[in-house]
Amino acid sequence: MEYDFKSIESKWQSYWAQKQTFKAVKDSEKPKFYVLDMFPYPSGAGLHVGHPLGYIASDIFSRYKRLKGFNVLHPMGYDAFGLPAEQYAIQTGQHPEVTTTKNIARYREQLDKIGFSYDWDREVKTCDPAFYKWTQWAFLKMFDSWYDTDADKARPISDLIARFETTGYDGISASAWKEASAKEKSDILMNYRIAYQGETAVNWCPKLGTVLANDEVKDGLSLRGGYPVEQKKMTQWQLRVSAYASRLLDGLDKLDWTDSLKEMQRNWIGKSQGTEVQFLCGEQKKAVTIFTTRVDTIFGVTFMVLAPESELVDELTTAENRAAVDEYLLYVKKKTERERIAETKSVTGVFSGSYGINPLTGEKVPIWISEYVLAGYGTGAIMAVPAHDSRDYAFAKKFNLPIVPIIEGCDVSEQSFDAKEGIMCNSGFLDGMDVKTAIERAKDYVEQKGLGRRKTNFRLRDAIFSRQRYWGEPFPIYYKDGIPTAVPFDKLPVELPQISEFKPTEAGEPPLARAKDWTYEGYPLETSTMPGFAGSSAYYLRYMDPHNSEALVDKEVVSYWRNVDLYIGGTEHATGHLIYSRFWNKFLYDLGYVCEDEPFRKLINQGMIQGRSNFVYRIVGTNKFVSFGLKDQYDTTEIHVDINIVRNDRLDMEAFKAWRPEFADAEFVLENGEYICGWAVEKMSKSMFNVVNPDDICASYGADTLRLYEMFLGPLEQSKPWDTKGIDGVNRFLKKIWRLFYDREKWLVSDEKANAQELKTLHRLIGKEQEDIETFSFNTTISAFMIAVNDLTAMKCSKREILEPLVVLLSPFAPHIAEELWQRLGHEDTVTYATFPEYEEKYTVEDSCTYAVSFNGKTRFTADLPKSLDKDAVEKAVRAMEQTSKYVGEQNIVKVIVVPGKIVNIVLK
RNA sequence: GCCUUGGUGGUGAAAUGGUAGACACGAGGGACUUAAAAUCCCUUGGACAGAAAUGUCCGUGCGGGUUCGAUUCCCGCCCGAGGCACCA
């Protein structure tokens with residue numbers, strides 16, 4: 001009987017589906033373990049082999065954890081709202097829902113072929129009203145909450161209103177509040193709500209006709225589509241993520257994420273501790289607050305700079321400078337974001353005509369306006385210290401402003417001295433101090449004299465939450481007499497209306513303005529929709545209780561599953577989804593809806609799988625193709641060739657002729673009778689003919705081979721090109737396992753007792769697999785497996801005592817063949833419910849080993865031996881010590897004691 | 001510019017202070033076969049010596065250092081990948 005993966009795989013896939021083998025139930029007996037994949041956006045192109053990499057890893061881990069006695073929650077769903085479906089709809093008139101449904105079906109079909117152990121009963125789709133009801137619900141909760149900085153948590157807005165009414169709050173007295181109109185009250189509350197409407201500079205993408213969040217823009221271009229983005233002041237819905245900046249930063253410390261990812265988030269949050277100082281500026285002696293991290297350099301201030309967008313610009317521009325300033329503002333405004341970035345090095349600016357007074361020296365310094373100062377960070381105004389800040393330095397050089405060094409002995413003739421080191425000079429009371437001391441002393445001084453205060457700033461901005469698009473969650477907000485008002489909770493979801501055209505209206509309104517009767521109780525509903533990250537921010541909670549129509553997740557359910565123990569996905573979400581989700585979760589935590597303040601305890605970033613393209617070389621002006629090794633002898637053009645007609649870089653010449661009509665009469669210049677193709681690593685894409693479809697691999701090798709191969713390719717976190725070259729190796733490995741059970745038609749498995757050698761092979765594998773899976777080192781596990789199987793084959797070992805546990809060990813990696821063999825071994829239940837075999841020390845360790853090695857006097861050698869000490873490890877250590885003794889002489893006898901499970905102890909005489 | 005990574009055979013890679021290259025691919029040779037596929041066995045980092053078993057030297061991006069011993073730890077460079085980038 002041969003290994004027939006086709007029938008085995010379809011048999012077990014339908015068995016699992018029918019028997020609901022992977023259905024997770026809330027079971028407080030077993031410890032829970034929640035394994036989550038980042039759910040995919042179902043694009044029209046379907047899955048390529050790169051997509052399942054992380055899914056396979058998480059599936060192996062899930063299956064392993066089940067064997068280890070955990071109650072595993074392992075769900076899957078679709079991030080189904082998004083731009084591509086909508087753009088397709090604009091082009092074709094086809095409703096995004098139709099294409100999305102079709103794409104989801106295709107994804108599901110592809111996923112099913114790989115044999116994942118998902119609990120499909122828990123599937124979620126973000127575009128499903130039953131799902132986005134809870135996205136809208138969370139939004140309304142945010143609308144109904146404010147951030148209480150004293151309690152450092154979100155609270156219901158009713159608390160804030162009560163404060164306004166009784167004692168007043170934050171500079172608004174109770175009487176002022178009572179006198180305010182409904183509209184004024186609404187405007188005041190907007191300044192506090194977690195989800196609020198406010199005017200800010202936003203990333204506006206004219207081509208897409210929508211605003212974008214910071215993480216959706218890269219290098220001044222939209223991430224989706226790559227269209228130019230400009231800064232524009234607009235009123236938009238926003239989430240007060242910045243209120244959580246500090247907690248988002250501190251929370252990172254206790255997470256088991258990679259350092260690089262945590263670092264990315266830290267940089268994105270961008271905490272900086274400094275001081276705000278007031279300078280009196282202009283004729284009116286207007287107090288202008290600046291932010292600096294280097295108050296110690298205040299004696300070196302020679303000018304001030306305002307951001308062009310700052311409100312102070314108008315006020316501080318003198319009549320005689322008005323024309324020049326206006327011209328400059330116009331110049332800045334015309335620039336696109338991309339141009340600004342491209343021209344970062346060029347220095348521009350204009351003098352306002354006004355002067356500010358340095359509060360410490362009383363000196364008058366000119367106030368300039370320049371785009372190198374950002375309106376959105378700090379106060380939009382800075383004090384410039386050209387001697388000790390490279391940007392100020394460049395500006396001073398360009399406009400001939402004075403440069404005053406205040407650190408002893410530094411040379412500022414060519415560049416500024418930015419380092420925080422040295423001894424202060426020209427700095428009044430700070431003279432003679434070391435910079436670090438001076439920073440603290442200057443902060444104290446400024447605070448004591450009432451000139452300013454310590455301040456922590458964050459780079460993290462509030463998230464712009466509205467998009468002028470159709471295919472997203474509608475806002476449960478209507479405008480009653482112009483006041484944004486929440487649709488009551490019991491009226492959720494506010495369903496996306498049917499429209500027939502998906503473009504913005506002629507008047508420039510979002511597509512929802514086209515909907516008939518888009519109103520609530522006669523009042524107009526909000527026409528923007530929510531951004532992509534809305535639906536993905538709490539989906540991991542919804543999986544816990546996906547059919548609940550009363551709550552996002554039941555309290556008791558969430559207190560069982562708590563949070564995600566293992567999350568696997570790409571780094572591309574570092575500053576988007578992974579920040580928003582953490583924010584969203586912390587908000588729900590504040591309100592008591594979830595019981596953990598961090599959603600994802602451990603996070604693994606799988607690497608990207610790139611494509612490996614193949615090339616043929618056409619001799620210019622002919623239809624003759626020359627093999628790779630000979631191409632330098634001719635003048636050739638490189639042409640991408642479909643990798644499906646290339647095997648191991650050898651071109652299938654007949655298939656090539658049939659591939660394209662223009663190649664039908666192609667001729668070849670061969671080397672050794674073969675046509676060798678060139679290759680390169682590129683992004684996997686249709687246009688480069690290098691897309692590998694997992695279905696094809698499943699059809700020709702089977703899902704088990706695909707799973708093993710993707711893991712065998714290298715470390716999970718590393719990016720690597722897909723290369724089918726090595727796939728035969730893992731396929732052979734599975735066949736070898738099969739042959740331990742069958743010699744053609746003959747069943748080989750016997751009940752004979754295993755010998756020590758065979759047991760040692762098995763138990764070494766158990767130890768290795770356990771250790772490696774826990775560290776996500778799947779490629780080395782598979783290597784260990786291959787060695788074990790080769791050993792058993794060589795020993796002709798087909799004993800049940802060995803093979804039964806072997807099948808269990810195999811099942812996380814190659815579940816289909818494992819199930820089949822498990823059944824053939826006579827088991828009625830599935831291998832999923834088996835128990836991970838115990839690692840038994842007695843087969844690998846001789847109880848205790850004492851070795852004597854000679855030394856000379858003072859040597860302190862230590863050998864780090866693995867916890868699972870076996871004889872080999874001990875011998876290895878002893879060899880090492882013998883090596884050492886060669887160098888140090890043999891005068892003194894040293895006793896080396898090896899204890900099972902623990903290190904080597906060296907006793908010196 | 002700053003942060004984070006990584007650099008080992010023809011290829012994917014293993015080894016985190018102790019025999020570098022496990023395991024796998026590819027390549028070469030052989031067995032079985034009418035033949036092919038499949039399967040199995042041998043060789044496979046480089047150089048040199050030898051008829052051969054085998055031996056010697058070199059070798060983990062480059063240059064130093066610590067150590068009896070370094071792919072591994074430390075210092076300084078070079079190159080690649082990813083992220084951030086006028087954040088005061």
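Every chain is numbered from 1 and lettered A, B, ... according to where its sequence line falls, protein lines coming before strand lines. Computed from heavy atoms alone, side chains included, the values below leave out hydrogens, waters and symmetry copies.
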Point to revise | Whether A:F778 and A:F776 hold their rings parallel, tilted or perpendicular, with breakpoints at 30° and 60° | key: perpendicular
Practice item. Would you mind calling B:G9 syn or anti? Take O4'-C1'-N9-C4 for purines or O4'-C1'-N1-C2 for pyrimidines, and syn is within 90° of 0. Key: syn
Review point. Within the structure shown, what part of the strands sits under 4.0 Å from A:K768 by heavy-atom distance: base, sugar-phosphate, or nothing?
Key: nothing
Review point. For A:R266 and B:U4, is the shortest distance between a side-chain N/O and OP1 or OP2 below 4.0 Å?
Key: no
Practice item. Using a cut-off of 6.0 Å, state whether more than 12 heavy atoms not belonging to A:E440 lie near its atom CD. Key: yes
**Study point:** Separation of the C1' atoms in B:U72 and B:U66, to the nearest angstrom
**Key:** 13 Å
Review point. Between A:N790 (CG) and B:C41 (C1'), how many Å, whole number?
Key: 13 Å
Practice item. Searching all strands shown, indicate the nucleotide that pairs with B:A38 (Watson-Crick or G-U wobble; both distances under 3.5 Å). Key: none
Review point. Tell me: NZ of A:K720 to C1' of B:G82, nearest whole Å?
Key: 15 Å
Review point. Using the P atom in both, what is the distance from B:G59 to B:G64, to the nearest Å?
Key: 12 Å
Check your understanding: Base, sugar-phosphate, or nothing for A:I787, non-hydrogen atoms under 4.0 angstrom?
Key -> sugar-phosphate
Review point. Closer than 4.0 Å, any side-chain N/O of A:R732 to the OP1 or OP2 of B:C40?
Key: no
Revision key, fill the gap. Answer for the Watson-Crick or wobble partner of B:U56, both distances under 3.5 Å, is B:A47
Practice item. Could you give the distance separating B:G82 and B:C68 at their P atoms, to the nearest angstrom? Key: 43 Å
Check your understanding: Nearest to the side chain of A:M786, which nucleotide is it out of B:C86, B:A85, B:A24?
Key -> B:A24
Exercise for review: Could you tell me whether A:D253 and A:R266 have a side-chain N and a carboxylate O separated by less than 4.0 Å?
Suggested key: yes
Revision key, fill the gap. Rounded to whole Å, the CH2-P distance (A:W268 to B:C84) equals 6 Å
Review point. Should A:S272 be listed as having a side-chain N or O under 4.0 Å from OP1 or OP2 of B:A88?
Key: yes
Check your understanding: From the list B:A88, B:A14, B:C23, which nucleotide is the closest neighbour of the side chain of A:T780?
Key -> B:A14
Review point. Across the strands shown, which category fits A:R612 at heavy-atom distances under 4.0 angstrom: base, sugar-phosphate, nothing?
Key: nothing
Check your understanding: Would you say B:C40 has OP1 or OP2 under 4.0 Å from some side-chain N or O of A:R739?
Key -> yes
Practice item. Please state the P separation for the pair B:C73 and B:A14 - nearest whole angstrom. Key: 15 Å
Point to revise | Base paired to B:G17 (Watson-Crick or G-U; both N/O distances under 3.5 angstrom) | key: none
**Study point:** Distance test, side-chain N/O of A:Y377 to OP1/OP2 of B:A88, below 4.0 Å
**Key:** yes
Review point. Whole-Å distance between B:A88 P and A:K443 NZ?
Key: 12 Å
Exercise for review: Describe, in one word, how the ring planes of A:Y742 and A:W738 are oriented to each other, choosing from parallel (under 30°), tilted (30 to 60°) and perpendicular (over 60°).
Suggested key: parallel
Review point. What does A:P715 touch in the nucleic acid at a heavy-atom separation under 4.0 angstrom: a base, only the sugar-phosphate, or nothing?
Key: sugar-phosphate
Point to revise | Interatomic distance where CZ belongs to A:R459 and P belongs to B:C86 [whole Å] | key: 9 Å
**Study point:** Between B:U60 and B:G17 - C1' atom distance, rounded Å
**Key:** 15 Å
Exercise for review: Establish, with yes or no, whether the OP1 or OP2 oxygen of B:A13 is under 4.0 angstrom from a side-chain nitrogen or oxygen of A:Q718.
Suggested key: yes
Review point. Between A:E771 and A:K768, is there a salt bridge with N-O shorter than 4.0 Å?
Key: no
Revision key, fill the gap. Checking B:G26, B:C23, B:U39 against the side chain of A:K735 (C-beta onward), the nearest is B:U39
Check your understanding: So which one's nearest nucleotide on RNA chain B is more toward 5', A:T793 or A:V730?
Key -> A:V730
**Study point:** For B:C2, the Watson-Crick or wobble partner whose two distances fall under 3.5 Å
**Key:** B:G83
Review point. Whole-Å distance between B:A37 P and A:Y3 OH?
Key: 22 Å
Point to revise | A:R764 CZ - B:A22 P separation (whole Å) | key: 16 Å
Review point. Is there a side-chain polar atom (N or O) of A:N605 under 4.0 Å from OP1 or OP2 of B:G82?
Key: no
Practice item. Go through B:U11, B:C40, B:A88 for me and flag the one nearest to the A:K725 side chain. Key: B:U11
Exercise for review: Determine the interatomic distance between P on B:U33 and the same-named atom on B:U44; round to the nearest Å.
Suggested key: 28 Å
**Study point:** N/O (side chain, A:N779) to phosphate O (OP1/OP2, B:G12) under 4.0 Å
**Key:** no
Review point. What's the verdict on side-chain hydrogen bond (donor to acceptor under 3.5 Å, both in side chains) for A:D728 and A:Y701, showing C-alpha distance, side-chain angles and the deciding distance?
Key: CA-CA 9 Å; A:D728 291 316; A:Y701 292 96; 3.2 Å; yes
Practice item. Name the nucleic acid region contacted by A:S783, choosing base, sugar-phosphate or nothing; use a 4.0 angstrom heavy-atom cut-off, strictly under. Key: base
Exercise for review: Nearest 0.5 Å please: distance from the CG atom of A:L261 over to the CD1 atom of A:I604.
Suggested key: 11.5 Å
Exercise for review: Describe, in one word, how the ring planes of A:F395 and A:Y372 are oriented to each other, choosing from parallel (under 30°), tilted (30 to 60°) and perpendicular (over 60°).
Suggested key: tilted
Exercise for review: Between B:A85, B:U4, B:A88, spot the one nearest the side chain of A:E263, thanks.
Suggested key: B:U4
Check your understanding: Quantified in whole Å, what is the P atom distance between nucleotide B:G29 and nucleotide B:A37?
Key -> 14 Å
Review point. Under a 3.5 Å cut-off for both distances, is B:G63 Watson-Crick or wobble paired, and to whom?
Key: B:C75
Exercise for review: Would you mind telling me which of B:A14, B:C3, B:A24 lies closest to the side-chain atoms of A:F712?
Suggested key: B:A24
Exercise for review: Starting from C1' on B:A14, measure out to CD on A:E771 and report it in whole angstrom.
Suggested key: 14 Å
